[in-house]
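Here's the structure we're looking at; comments come further down.
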Amino acid sequence: MDSGTNPGVPAGSAGRWKQCHDLSFFPTHGRHPAALRWPGTNTTAPAPCAHPEGSPMLRLLKALIGAGTQPEDPEITPEGMVITGLAGLLGGTLVATDQGWCPAETIRLGDRLLSFDRGMQAVTELQRERPRGHSGHPAALLRAVEVPTGALGNDAPLWLMPDQGVLLESDKAQEILGDPFAVVPARALLGINGIRLSVPGSGISITTLAFPHDETIYIDGGLRLFCPRPRTVLTEALGPSDGGVFSVQTLQTARFLVRTLIETRGAGALCAPPEEIAGQMPLDPRGVRPLAG
């Protein structure tokens with residue numbers, strides 16, 4: 001870029017103009033940087049980034065470029081359909097409630113579940129469905145993320161929807177995002193300790209839970225799953241917002257965060273430590289409500 005392509009930029013200043021222009025591409029918390037005035041002119045240019053090492057977005061971009069890119073879900077093939085674009089809890093998933101560990105398919109409106117940062121919270125919206133394949137028949141070939149016993153320190157197999165958000169805490173997230181907590185899609189776990197896409201079986205149900213605010217709830221094994229509050233364009237435009245507590249990451253960023261977390265702390269770091277749940281559950285933590293008929 002030279003000063004001729006930017007009328008009013010003094011000769012010899014094109015390099016500084018380009019640097020400021022490039023940095024201004026990355027927004028800083030939604031605010032435009034203050035304008036600078038070139039000495040002796042009426043021309044303004046974006047201010048240099050306030051962060052000496054670049055904005056959080058720029059640091060993330062550099063980290064992703066340095067880590068290299070990966071193909072999108074090579075495990076997903078045309079054989080069978082992947083359960084995607086939908087979050088929720090597959091039937092049989094045990095969730096932490098004020099009554100102990102209960103199967104997701106038995107949860108009802110008003111039941112209180114243990115949340116990560118607000119204690120027990122009542123379910124205010126609930127949806128159950130049985131996914132269907134392309135032909136409209138109950139989907140026996142729908143795939144979900146299978147977490148084998150021990151893959152994440154879990155003592156029993158776990159099944160997750162590929163797009164179900166999972167909360168993680170990592171130093172790398174703090175470094176590049178400014179927040180140690182981030183929500184990643186479950187598909188970002190594929191390939192770790194035998195975690196793969198598999199068929200959970202016929203007749204499965206999916207339960208979607210919602211609360212007045214964004215919450216993360218606990219499932220058996222210690223994973224914390226993200227349950228966003230219901231949102232529509234109208235309610236977001238007219239209603240009060242809780243600000244969005246959790247940072248939801250794209251698949252590429254999520255894979256990078258998961259990989260660096262496991263490399264530094266091991267796969268078990270994705271699960272909450274036992275003391276995070278202890279004391280907030282009934283004395284018999286393995287008690288469960290009978291399965292719905």
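Computed from a predicted model, the values in this text were never measured in an experiment.
Residues Val183 and Gly165 come closest through the heavy atom pair CG1-CA, 3.6 Å. Here the shortest heavy-atom pairing between Gln280 and Gly119 reads OE1-CA, 4.2 Å. Residues Leu126 and Val123 approach most closely at CB-CG1, 4.3 Å, considering heavy atoms. Taking both residues in full, the closest heavy atoms of Pro185 and Gln249 are given as CD-O, 3.8 Å, listed atom of the first, atom of the second, then distance. When all heavy atoms of Leu197 and Leu190 are compared, the pair lying nearest together is N-CD2, 3.7 Å. Of all heavy-atom pairs spanning Arg229 and His213, the tightest one is CB-C, 3.9 Å.
Side chains of Leu94 and Pro103 form a contact here, defined as non-hydrogen atoms less than 4.5 Å apart. In this structure, Leu89 and Ile206 have side chains that are not in contact, with every pair of non-hydrogen atoms separated by 4.5 Å or more. Between Leu223 and Leu160 the shortest side-chain heavy-atom distance falls below 4.5 Å. Here the side chains of Leu152 and Leu189 are in contact, with some heavy-atom distance below 4.5 Å.
With salt bridges taken as basic N to acidic carboxylate O contacts below 4.0 Å, none links Arg128 and Glu105.
In this structure, Asp179 places its CG atom where more than 12 heavy-atom neighbours from other residues, nucleotides or ligands lie under 6.0 Å away.
Atom CG in Leu168 sits 11.5 Å away from atom OG1 in Thr216 (nearest 0.5 Å). Gln252 CD to Leu257 CG: the interatomic distance, rounded to the nearest 0.5 Å, is 11.0 Å. Separating the CE atom in Met120 from the CE atom in Met281 is a distance of 6.0 Å, to the nearest 0.5 Å. The CG atom of Leu209 sits 11.5 Å away from atom CD of Glu215, with the distance rounded to the nearest 0.5 Å. Atom CD1 of residue Ile176 and atom OG1 of residue Thr260 lie 7.0 Å apart, to the nearest 0.5 angstrom. Distance NZ/Lys172 to CZ/Phe256: 5.0 Å, rounded to 0.5 Å.
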Exercise for the section: Applying side chain to side chain contact (heavy atoms under 4.5 Å, CB included), run through Leu270 and Ile262 and close with a yes or a no. Expected result: CA-CA 8 Å; Leu270 285 160; Ile262 291 176; 4.3 Å; yes

Exercise for the section: Mind running side chain to side chain contact (heavy atoms under 4.5 Å, CB included) on Phe211 and Leu113 for me, showing each step along the way? Expected result: CA-CA 10 Å; Phe211 304 85; Leu113 274 62; 4.2 Å; yes

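Applying the side-chain contact (heavy atoms from CB on, under 4.5 Å) test to Asn193 and every residue at least two apart in sequence or in another chain returns Ala151, Ala267. For Phe226, the ring pair (Phe, Tyr, Trp, His ring centres under 6.0 Å) test picks out Phe246, with sequence neighbours left out.
Of the candidates Ile219, Thr207, Thr106, Val95 forms a side-chain contact (heavy atoms from CB on, under 4.5 Å) with just one, namely Ile219.
Thr253 places no side-chain N or O within 3.5 Å of a backbone atom of Thr250 that could act as its donor or acceptor partner.
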